[in-house]
Amino acid sequence: MKTLYISDIENRIGEEVELFGWVYRQREHGGVVFVVLRDSTGIVQISIHKNNVNPDSFNNAQKVTIESSVRVKGKVIEDSRAPTGLEIRCSEFEILSLSEKFPIQEGAGKEFLLDVRHLALRSIRLTEIMKIKELIIQGARKYLQKNDWHEVFPPIITSAACEGGTTLFSIDYYGREAYLSQSAQLYLETAIYSLEKVYSLTPSFRAEKSKTRRHLSEYQHLELEAAWMDADDIMKVEEELVAAMCREVSEYKNLEKFGRKKEEMILNLPLERIKYDEAIQIIQSKGIDIEWGDDFGYEEEKVLTNEFEEPFFVYNYPMEAKVFYMKQNPDGKTYACADLLAPKGFGEIIGGSQREDDLKALERRMEIEGIDKSRYKWYLDLRRYGSVVHSGFGLGIERLLMWICNLEHIRDACLYPRTITRLEP
RNA sequence: GCCGCCAUAGCUCAGUUAGGUAGAGCAUCCGGCUGUUAACCGGACGGUCGUCGGUUCAAAUCCGGCUGGCGGCGCCA
């Protein structure tokens with residue numbers, strides 16, 4: 001078993017070490033061969049001098065191909081000429097598996113890289129993005145555990161829509177039509193009557209034929225739901241959670257590669273909160289034609305989010321722009337809901353609200369929006385048996401990661417992005 | 001669903017405006033080089049120009065259909 005990783009060798013200067021990894025680059029220069037070795041922790045240059053190794057090792061280093069797996073022995077030395085300032089002076093170079101010609105080379109196009117995603121995942125950039133994705137989830141779990149949230153595991157196979165308009169993927173369920181879940185929310189609502197504060201991290205599926213850089217057909221959805229919390233309470237949870245996720249990322253050593261500074265990942269709480277009414281005014285002041293009651297399109301959202309440096313809330317949206325299960329405000333026109341928007345056009349990261357806990361009011365909303373109540377019997381039951389003020393929200397992990405890593409396209413936030421046309425590999 | 005764009009060597013692309021014998025860089029192969037950093041230098045190899053049809057003496061280039069894809073909007077997290 002491998003025991004030493006490339007990131008460990010900075011503590012082993014002057015020592016003879018053995019490393020296992022993959023060939024990232026190979027350059028031959030007459031009597032010296034340079035191999036850059038890659039593993040999960042980073043890269044290091046190996047120099048193989050003809051006169052310092054046995055002929056087999058030198059021959060191996062000469063013929064080794066990109067992405068071959070290798071075993072290397074040598075002394076760790078500091079050398080400013082090496083890409084990372086550290087280098088292994090090789091004494092043994094063994095090829096474990098000689099790679100066939102690796103299909104990916106510098107300058108490969110986006111489409112081609114997606115076709116060979118199983119190989120493209122070896123890139124340093126994607127490796128780092130996956131590590132940061134893991135960090136934000138770790139940050140979330142730490143926060144949730146510390147604050148006594150219970151993790152639950154709702155079904156992915158469901159019988160009905162959770163939200164009105166969005167399109168569902170249907171599957172054959174023993175001869176009946178079933179759907180892949182697009183949100184765990186309604187199931188989480190059922191769990192708060194026993195566990196009070198619950199969350200789930202599940203894939204959600206949207207069959208929207210969306211071809212934008214912010215959309216996936218399958219994404220990681222972190223959803224929270226809590227009894228005894230109103231719209232203000234849940235906004236506080238939202239910002240604390242996002243701050244905890246960002247704080248975890250702030251320790252990542254290569255953040256500057258993504259154009260981020262450590263300080264930017266320490267959010268200043270409370271985050272700014274603006275009413276929908278104010279948001280409309282800001283957008284109108286930029287010369288865009290929008291009226292009260294309209295939801296923001298992408299152009300409007302971009303103009304608005306460019307006014308901010310950190311994520312911020314927009315709350316109290318008009319009812320016509322949102323969904324039936326939200327709690328109506330006393331003004332009779334808006335919902336007690338809030339979205340968390342990332343700055344600089346990255347857009348909506350969280351959508352949340354207080355939920356309607358009054359049976360009559362909920363039924364009225366469903367009638368107005370033309371929703372078949374019989375399909376939501378169990379959901380309505382929750383309002384018959386000890387109804388309680390409660391709130392919740394959903395966070396798109398890839399959307400947050402996209403903002404944190406300044407990604408141009410959300411597909412880079414996934415191992416295997418699922419988009420309209422992309423099902424393989 | 002709507003709007004716009006693209007398809008030429010293994011990869012990235014030029015050539016299309018104005019029709020006239022298919023180009024470059026990288027990769028691959030061969031040779032050279034003991035400090036390279038996407039190494040460099042020399043040579044070789046590499047193509048039914050997505051597909052079907054039309055116009056023309058002549059089509060990668062002009063016109064039409066089809067297929068595949070990209071970007072954006074709507075919708076959303």
Side-chain angles (χ1 to χ4, degrees), chain A residues 24-36 43-53 58 61-63 65-66 77 79-85 87 89 100-116 120 123-124 162-168 182-185 201-223 238 242 294-302 311 321-323 339-342 346-352 393-403 408-411 413 419-422:
Chain A
Y24 182 65
R25 298 273 189 273
Q26 189 260 20
R27 291 182 283 271
E28 211 183 322
H29 201 292
V32 59
V33 177
F34 299 97
V35 168
V36 179
I43 58 168
V44 67
Q45 176 167 283
I46 321 288
S47 68
I48 304 101
H49 292 76
K50 193 170 190 172
N51 297 333
N52 299 351
V53 296
F58 190 75
Q62 275 186 308
K63 76 176 189 199
T65 48
I66 301 292
I77 57 150
D79 192 323
S80 60
R81 294 171 297 184
T84 60
E87 182 176 283
R89 284 288 154 80
E100 292 178 25
K101 186 194 157 200
F102 202 61
I104 298 172
Q105 26 173 306
E106 212 64 40
K110 290 176 197 167
E111 272 315 288
F112 178 72
L113 287 172
L114 286 168
D115 289 341
V116 291
S123 77
I124 290 173
C162 287
E163 298 186 19
T166 46
T167 330
L168 293 152
Q182 57 184 343
S183 167
Q185 182 199 319
L201 177 60
T202 60
S204 275
F205 302 89
R206 305 273 164 109
E208 301 152 357
K209 289 197 171 172
S210 246
K211 296 191 63 152
T212 79
R213 63 182 71 176
R214 309 179 301 286
H215 280 86
L216 290 165
S217 297
E218 175 180 357
Y219 67 97
Q220 298 300 317
H221 207 177
L222 178 62
E223 292 173 276
E238 290 173 31
V242 171
D294 295 340
D295 202 358
F296 310 138
Y298 180 64
E299 265 312 300
E300 291 81 39
E301 197 175 274
K302 198 162 86 181
K322 291 291 177 183
V323 200
D339 287 351
L340 184 69
L341 305 182
F346 283 96
E348 193 174 339
I349 288 173
I350 285 179
F393 64 92
L395 181 155
I397 296 290
E398 287 84 359
R399 284 269 180 92
L400 179 60
L401 185 60
M402 196 182 168
W403 170 64
E408 200 175 302
H409 200 295
I410 198 166
R411 64 186 159 216
T419 57
I420 303 179
T421 53
R422 185 60 63 178

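Within every chain, numbering begins at 1; the chains are lettered A, B, ... in the order of the sequence lines, protein sequences first and strands thereafter.
One C1' atom belongs to B:U17, the other to B:C62, and the distance between them is 12 Å to the nearest Å. For the C1' atom pair drawn from B:C76 and B:U67, the interatomic distance equals 30 Å after rounding to whole Å. If you take atom P in B:G10 and the same atom in B:C3, they sit 35 Å apart, rounded to whole Å. Only the P atoms considered, B:A18 is 25 Å distant from B:G54, to the nearest whole Å. B:G53 and B:C40 are spaced 45 Å apart, taking the P atom of each and rounding to whole Å.
Of the candidate nucleotides B:G35, B:C75, B:A38, B:C75 has the atom lying nearest to any side-chain atom of A:E208. In the set B:G35, B:G74, B:A77, B:G74 carries the atom at the smallest distance from any side-chain atom of A:Y298. Listed candidates were B:A77, B:U34, B:U36. Nearest to the side chain of A:L216 is B:A77. The listed nucleotides are B:U28, B:C75, B:G35; the one nearest the side chain of A:K101 is B:U28. Nearest to the side chain of A:E348, among B:A77, B:U34, B:C70, sits B:A77. The A:H215 side chain lies nearest to B:C76 when the options are B:U36, B:G71, B:C76.
Under the salt bridge (charged side-chain N to carboxylate O under 4.0 Å, His left out) criterion, no residue pair touches residues 213-223 of chain A, with sequence neighbours excluded.
Side-chain to base pairing of A:R213 with B:C70: no donor and acceptor N or O lie closer than 3.5 Å to each other. Scanning atom types as modelled, no donor and acceptor separated by under 3.5 angstrom connect the side chain of A:R214 and the base of B:G74.
Scored by the salt bridge (Lys or Arg N to Asp or Glu O under 4.0 Å) test, A:E100 finds no partners at all (sequence neighbours excluded). Checked against salt bridge (Lys or Arg N to Asp or Glu O under 4.0 Å), A:K209 has no partners two or more places apart in sequence or in another chain. Take A:R27 and apply the salt bridge (Lys or Arg N to Asp or Glu O under 4.0 Å) test, not counting sequence neighbours, and it matches no residue. For A:Y24, there are no ring-ring contact (aromatic ring centres under 6.0 Å, His included) partners, not counting sequence neighbours. For A:F393, the ring-ring contact (aromatic ring centres under 6.0 Å, His included) criterion is met by no residue, not counting sequence neighbours. With sequence neighbours left out, the side-chain hydrogen bond (donor to acceptor under 3.5 Å, both in side chains) criterion links A:R81 to A:D79. Residues satisfying the side-chain hydrogen bond (donor to acceptor under 3.5 Å, both in side chains) criterion with A:S47, sequence neighbours excluded, are A:E87, A:R89. Applying the salt bridge (Lys or Arg N to Asp or Glu O under 4.0 Å) test to A:R25 and every residue at least two apart in sequence or in another chain returns A:E106.
Applying the 4.0 Å criterion to OP1 and OP2 of B:C75, one finds that A:R206 has every side-chain N and O outside that range. At least one side-chain nitrogen or oxygen of A:T421 sits closer than 4.0 Å to the OP1 or OP2 atom of B:C70.
Using a 4.0 Å heavy-atom distance criterion, A:E87 is classed as a base contact. A:D339 comes within contact range of no nucleotide atom at all, as no heavy-atom separation falls under 4.0 Å. Residue A:R89 is in base contact, counting any heavy-atom pair closer than 4.0 Å across all strands shown. Within the nucleic acid shown, A:Q45 comes within 4.0 Å of at least one base atom, counting heavy atoms only. Residue contacts for A:G347: at a heavy-atom cut-off of 4.0 Å it reaches no nucleic acid atom on any strand shown. Within 4.0 Å (heavy atoms only), A:I349 reaches sugar-phosphate atoms of the nucleic acid but no base atom.
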Which atoms of nucleotides 11-15 of chain B (N or O only) lie under 3.5 Å from a protein N or O atom, and what are those distances?
from: B:U12; atom 1: O4'; to: A:G107; atom 2: O; distance (Å): 3.2

Between the protein and nucleotides 31-33 of chain B, list the N/O to N/O atom pairs that are separated by less than 3.5 angstrom.
from: B:C33; atom 1: N3; to: A:G30; atom 2: N; distance (Å): 3.4

Distances under 3.5 Å between protein N/O atoms and the N/O atoms of nucleotides 1-7 of chain B, please, pair by pair.
from: B:G1; atom 1: O6; to: A:K209; atom 2: O; distance (Å): 3.2

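When the P atom of B:U34 is taken as reference, atom CZ of A:F58 falls 9 Å away, rounded to whole Å. In this entry the distance linking CD1 of A:I420 with C1' of B:C76 reads 13 Å, nearest Å. Between the CG atom of A:D295 and the C1' atom of B:C73 there is a distance of 14 Å, rounded to whole Å. Rounded to an integer number of Å, the gap from A:D294 CG to B:C75 C1' is 15 Å. The distance from atom CD1 of A:I350 to atom P of B:C76 is 17 Å, rounded to the nearest whole Å. Taking atom CD of residue A:E100 and atom P of nucleotide B:C29, one finds them 13 Å apart after rounding to whole Å. Protein atom CG of A:D115 is 10 Å distant from nucleotide atom P of B:G69, rounded to whole Å.
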message: Quick one, A:Q26 with A:V33, criterion side chain to side chain contact (heavy atoms under 4.5 Å, CB included). Give me CA distance, side-chain angles, the key distance, then yes/no.
response: CA-CA 7 Å; A:Q26 189 260 20; A:V33 177; 4.0 Å; yes

Begin from the C-alpha positions of A:K110 and A:H409 and carry the test side chain to side chain contact (heavy atoms under 4.5 Å, CB included) through to its verdict. CA-CA 11 Å; A:K110 290 176 197 167; A:H409 200 295; over 6 Å; no

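Note: A:L114 CG to A:T421 OG1 = 8.5 Å, rounded to the nearest 0.5 Å. Rounding to the nearest 0.5 Å gives a distance of 13.0 Å between NZ of A:K63 and CZ of A:F58.
Across all strands shown, B:C2 forms a Watson-Crick or G-U wobble pair with B:G72, both key distances being under 3.5 Å. Using N1 to N3 plus N6-O4 or O6-N4 for Watson-Crick, or N1-O2 and O6-N3 for G-U wobble, each under 3.5 Å, B:A7 pairs with B:U67.
The ring of A:Y219 lies on top of the base of B:A77, close enough and flat enough: under 5.5 Å between centres, under 30° between planes.
Across A:Q182, A:R206, A:E398, a single residue satisfies side-chain hydrogen bond (donor to acceptor under 3.5 Å, both in side chains) together with A:Y219, and that is A:R206.
Across the interface with RNA chain B, nearest-nucleotide mapping of A:E408 and A:K50 shows A:K50 to be the residue nearer the 5′ end.
Using a 4.5 Å cut-off on side-chain heavy atoms (C-beta onward), A:L222 and A:L400 make no contact.
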